Amino acid sequence: MSHQFLYATGTAAGEPAAALGIALGSLHDLIGELESNNTFVVVQGHSHTITPTSVQQPGMMRSERPGYIATVTTVVEIS
């Protein structure tokens with residue numbers, strides 16, 4: 001058995017939950033990939049941070065809006 005650290009981030013304008021949802025979606029994809037390549041995958045723990053930031057909106061004007069960046073760090077045991 002070995003341990004692996006997984007990191008996922010998400011950035012969104014508006015509510016912090018949107019940024020966290022993006023980060024968790026990325027983390028879900030990473031864990032799914034590990035599950036397809038290993039017989040045993042267990043999440044041992046995680047931590048997350050949410051930080052206010054400016055988010056640039058796509059388009060011609062490229063305006064900036066208040067938003068958040070979320071980072072999720074997870075320790076996974078695999079074999």
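Keep in mind that this is a model prediction, so the values were computed, not measured.
- Nearest heavy-atom pair across A23 and A8 is O-CB, 3.4 Å.
- Under a hydrophobic-cluster definition in which Ile, Leu, Val, Met, Phe, Trp and Tyr are linked whenever side-chain heavy atoms come within less than 4.5 Å, directly or via other members, L24 and I50 are assigned to the same cluster.
- Here side chain to side chain donor-acceptor pair (under 3.5 Å) pairs that include residues 5-14, with residues two or more places apart or in two chains, number zero.
- Taking CG of L27 as the start and NE2 of H48 as the end, the distance is 12.0 Å to the nearest 0.5 Å.
- Linking ILVMFWY residues whenever their side-chain heavy atoms come closer than 4.5 Å, directly or via other members, places L6 and V41 in the same cluster.
- The only member of D29, N37, I31 that meets side-chain contact (heavy atoms from CB on, under 4.5 Å) when paired with E33 is N37.
- The nearest pair of heavy atoms linking G10 to A19 is O-CB, 3.5 Å.
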Using residues 68-79 as the side-chain source, report each donor-acceptor pair under 3.5 Å to any protein atom, sequence neighbours left out, with the distance given to one decimal.
from: E77; atom 1: OE1; to: Q44; atom 2: NE2; distance (Å): 2.7

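- When the shell of 6.0 Å around CD of E15 is examined, it contains 12 or fewer heavy atoms from other residues, nucleotides or ligands.
- Atom CZ of F5 has 12 or fewer heavy atoms from other residues, nucleotides or ligands within 6.0 Å.
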